[in-house]
Structure formats: structure tokens, C-alpha cells
Amino acid sequence: KKGSYDHFMQKEIHEQPHSLTTTMRGRLKDGGILLGGLKEHLKTIRRSRRVVFIGCGTSYNAALAARPFVEELTGIPVTMEVASDLLDRQGPIYREDTAVLVSQSGETADTLLALDYALENGALCVGVTNTVGSTLSRRTHCGVHINAGCEIGVASTKAYTSQIVAMAMMALAIGSDQISTQARRDAIISGLSSLPRNVSEVLKLDVEMKDLASSLIDSESLLVFGRGYNYATALEGALKVKEVALMHSEGMLAGEMKHGPLALVDENLPIIVIATRDACFSKQQSVIQQLLSRKGRLIVMCSKGDASAVCRSGSCRVIEVPEVADCLQPVINIIPLQLLAYHLTVLRGFDVDQPRNLAKSVTTQ
Ligand code: UD1
Ligand code: BG6
Ligand code: NA
């Protein structure tokens, strides 16, 4: 089943050009988006007051990556809920809400309990799942199967990128009645078509990420700074590192740097800064300058050709990735971090596919 790969996680990382292709298959139609599972519900979704994303772990992070473009393309306010926290608070959910429940397995206990809660409160419940016939798929009013193919590694990789792409298609479909954003939608749709090719391109960083991993093997901690479209990338990159490489890692909002995290910066603590091209680029350039002036040990992820624009002094390690439509950039940017977590795990001698204490699907509370 693993073919020429040593581990399922490795296979699933390298499979992403294909899994993303199957996620989009038959759904990019005549320059528009066709999601059979949502077609009849788009009007209701457009009328909703709010979209509430609900998930756990990587699925929550995928929803967080989708939040900015769902807001932009639909104009509907989006709030984020970790399923267990929504339940703990019994947070308000209304009939006028669209609850979007995201779960690779479709069987995560907290997500299903949050679904029951959203159903009881009268929200329209939309599922985003990789598992046809799962409890989530059956109990939601409608939804999208992400069709990424079976994922075996406990640490989710290809499901994450397919979830983001499925939600991008969802946002495009919901917003498709808006004339003012037509050109923007066209650009994103064309970005989706070329995404598998760009994913193949970024996968060529494998050797470079193995080399980076070997330089981090003895680190106690790793910070990841992101913002905007790539806040989620920072959280998800850090989650990969902690769950499989068993290294402390935190994803942080770069805009919050001065409100605490800056105190941690010294010449030893490795910090990854995501600074690919988007509307936040110049803000990230200044974050890098401030970290360098405190002698931070930086690894900067930037768009191809931007090495000197992000680090004039040449004192950072730079990871250059292909540039895609800004809102799809999280799909590209997570891949070097998945590779890094993978190699770090192997080099540190831990179990890649069955990390200590974790389960693929948490079906009890
Ligand atoms: C469907 C078929 C697909 C076929 C395609 C051809 C299934 C599972 N999918 O895909 O094999 O190639 O038509 O037109 O038979 N749903 C939920 N909750 C979820 C996910 C999905 O209720 O979490 C519902 C959808 O609203 C829809 C159904 O399940 O009614 C199938 O969803 P999906 O597979 O995404 O639909 P299509 O892409 O149209
Ligand atoms: C578990 C897995 O914690 O459940 C994670 O180890 C996963 O990889 C999380 O992200 C949520 O799972 P699901 O199936 O609801 O997406
Ligand atoms: Na259903």
C-alpha cells in the first residue's frame, strides 16, 4: 500500500498533486464551480447571517485557512469554533446561521456532538468530509465530499489541502451571484486549475526540508509566525511538528508578536516566518527586520525570487515556494512544513504514522 514510500505520511504528502486533482474533478465546470451537494442549498446559505466553522485539530486549521476567502467572496461574517469549546460554552447558534462542520473522518465525537447542537438550534448544517457514508455526511443537511482518497497517517496532510480546496470551491459557489467579484473569482478558479502543478513544484523542496530538519533535530522548540491567509499555515505547521516530531512548536499570529512572543526571541530559538506575497507582505518584512534586530534565528518562507526582499542581510535561511493566487497560497505553504515535520520525525527516531498517544479518529469525548 505504501508503494515505494517508507511511511504513509510520506506517501500522502507526495500524493497531493493527485488528491487535489480528484478533489476538483468534475467540479470546475465552464469557468464556474459545480458542487452537486450544495447546488440546492446555495440560496439558503447566501441568506444566512453568519457562517460558523466547526472542527477539531487539522480540520479546524483548514477551516481557519478558508475563513478569509469565505468572508471575502461571500460577504458573510465567519466565526470559528473548536468543537469542544463550542460545547463547553454552549455558545449561541441561531436558525439564521450556516454551520459548516469540517472533519476528515466524519466520526470525531466532539464534531458530531457540535453537529447535534447546531441541528437542535435550527442552523443549516453543511458537512465537509473525506468519508462518504460517515456519520457527519449522513446527519448534515448537505455538504461536500473532499474525495482526497483514504488517509492512513495519523497526522493529516492530504486531507488538509483538499479541505481547503473544497472550501475554496464552496466560497466561489456561494459568491457566484456577485457580479462585482467575477474577475476575482475567475482568477481563483484559474489558480485552482494550476494548483496541482504548483504542488508538484513545491514538493521538490523535499531534500532541502530534510536538510533543514537535520539542523533542527536537537532544538527544543520551534515557533511559526504567520498572518492573514497564512495564519492557519502557522498553526497547522506547528501542529504537524508537535504531533509527529514530538517537538514543542507554536504557531503564532505575527500581528501579536509584540504582545508577548517577542520575549522568547534569542539566537537559539528557531523561528519560521511565512512571508509569501499577499497584502500582508510589507508587514511581514517589518516583522522579519524586528526579529533580526533581536538576533532571531530565522527561517523565512517567501515567494520565488524574493530571498533578498525578505532578508537583505542574508542571515536568514530561506525557503522559496511557487507563488499562486494569494488565497490558495496556504495549500502550497503547508507542504514544506509537512515535509519538515516528516523528516524531523524520522531523524529523531519517532513513529511517523502512529505518533505517541494519538489516534487517527477520536471517537470518544
Ligand atoms: C456526486 C457523487 C459522485 C458523482 C457525482 C456526479 C456520491 C457520494 N457522490 O458527487 O460519486 O461522481 O455526484 O455528479 O455519490 N453530503 C452531506 N454532507 C456531507 C457531504 C456530502 O450531506 O458532509 C451530501 C451532499 O449534499 C450530496 C451528497 O452528500 O447530496 C453527495 O455529496 P458529494 O459527493 O460532495 O456530491 P457530488 O460532488 O455531486
Ligand atoms: C485527531 C487526528 O486528533 O482528529 C488529527 O489525530 C485530526 O489528525 C483530528 O485533525 C480531527 O479529525 P477529523 O477526522 O475530525 O478531521
Ligand atoms: Na447529509
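Remember, it's 1-based here, ligands and their atoms both numbered in the order they're listed. These numbers come from the heavy atoms of this one structure, side chains and all, not from hydrogens, waters or symmetry mates.
Using a 4.0 Å threshold on non-hydrogen atoms, atom 33 (P) of ligand 1 counts as touching the protein. Within a 4.0 Å radius of atom 14 (O) of ligand 1, the protein contributes no heavy atom.
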Pairs of donor and acceptor atoms involving the side chains of residues 260-276, under 3.5 Å and at least two apart or interchain, shall be tabulated with distances.
residue: Asp266; atom: OD1; partner: Asn268; partner atom: N; Å: 2.8
residue: Asp266; atom: OD1; partner: Leu269; partner atom: N; Å: 2.9
residue: Thr276; atom: OG1; partner: Asn333; partner atom: ND2; Å: 3.0

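Ordered by chain and number, Ser137 O, Thr140 O make up the set of protein N, O or S atoms under 3.0 Å of the Na ion (ligand 3).
Remark: minimum distance from atom 14 (O) of ligand 2 to any protein heavy atom is reached at Ser105 OG, 2.6 Å. Scanning all protein heavy atoms for the shortest distance to atom 2 (C) of ligand 2 gives Lys360 O, 3.4 Å. If you check which protein heavy atom lies closest to atom 9 (C) of ligand 2, you get Cys56 O, 4.1 Å. In this structure, atom 3 (O) of ligand 2 lies nearest to the protein heavy atom Val362 CG2, 3.9 Å. For atom 16 (O) of ligand 2, the closest heavy atom belonging to the protein is Ser59 OG, 2.5 Å.
For Ser313, the side-chain hydrogen bond (donor to acceptor under 3.5 Å, both in side chains) partners at least two apart in sequence or on another chain are Ser315.
When the side chains of ILVMFWY residues are joined at heavy-atom separations under 4.5 Å, either directly or via intervening members, Val100 and Leu86 end up in two distinct hydrophobic clusters.
Residue-to-ligand polar distances keep His141 apart from ligand 1: every N/O pair is separated by 3.5 Å or more. Polar contact with ligand 1: absent for Leu38 (N/O pair, distance under 3.5 Å). Every N/O-N/O distance between Thr129 and ligand 1 stays at or above 3.5 Å. Considering backbone and side-chain N/O atoms, Gly143 comes within less than 3.5 Å of an N/O atom of ligand 1.
Under a 4.0 Å N-O distance rule, the pair Asp177/Lys43 does not qualify as a salt bridge.
Against a heavy-atom cut-off of under 4.0 Å, Arg27 is close to the following atoms of ligand 1: 33 (P), 35 (O), 38 (O). Of all atoms in ligand 2, numbered sequentially from 1 with element shown, those under 4.0 Å from a heavy atom of Ser103 are 13 (P), 14 (O), 15 (O), 16 (O). Near Gly37, meaning under 4.0 Å from any of its heavy atoms, are these atoms of ligand 1: 25 (C), 26 (O), 27 (C), 36 (O), 39 (O).
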Test log, rule side-chain hydrogen bond (donor to acceptor under 3.5 Å, both in side chains), inputs Thr98 and Arg46:
CA-CA 9 Å; Thr98 294; Arg46 283 176 194 139; over 6 Å; no
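Under the disulfide (SG to SG under 2.5 Å) criterion, the residue pairs touching residues 238-316 are Cys311-Cys316, with sequence neighbours excluded.
His14 and Tyr5 are not linked by any side-chain donor-acceptor pair at a separation below 3.5 angstrom, with hydrogens and angles left out of the test. Thr135 and Glu107 are linked by a side-chain donor-acceptor pair at a separation below 3.5 angstrom, with hydrogens and angles left out of the test.
Judged by the 6.0 Å distance and 45° axis criteria, Arg348 is not positioned over the aromatic ring of Phe350.
With atom 5 (C) of ligand 2 as the reference point, the heavy atom nearest to it among Val154, Thr129, Val102, Thr108 is part of Val154.
Assignment of Ser361 to the shell around ligand 2 is not supported, since no heavy atom sits closer than 4.0 Å.
The backbone and the side chain of Thr58 each have at least one atom closer than 4.0 Å to an atom of ligand 2 (non-hydrogen atoms only). Residue Ala359 touches ligand 2 through its backbone alone, judged by heavy-atom distances below 4.0 Å.
Considering Lys240, Lys158, Glu236, Gln16 as possible partners of Gln338, the one that fulfils the side chain to side chain donor-acceptor pair (under 3.5 Å) test is Gln16.
For the atom pair Gln104 CD and Ser134 OG, the distance stands at 9.5 Å (nearest 0.5 Å).
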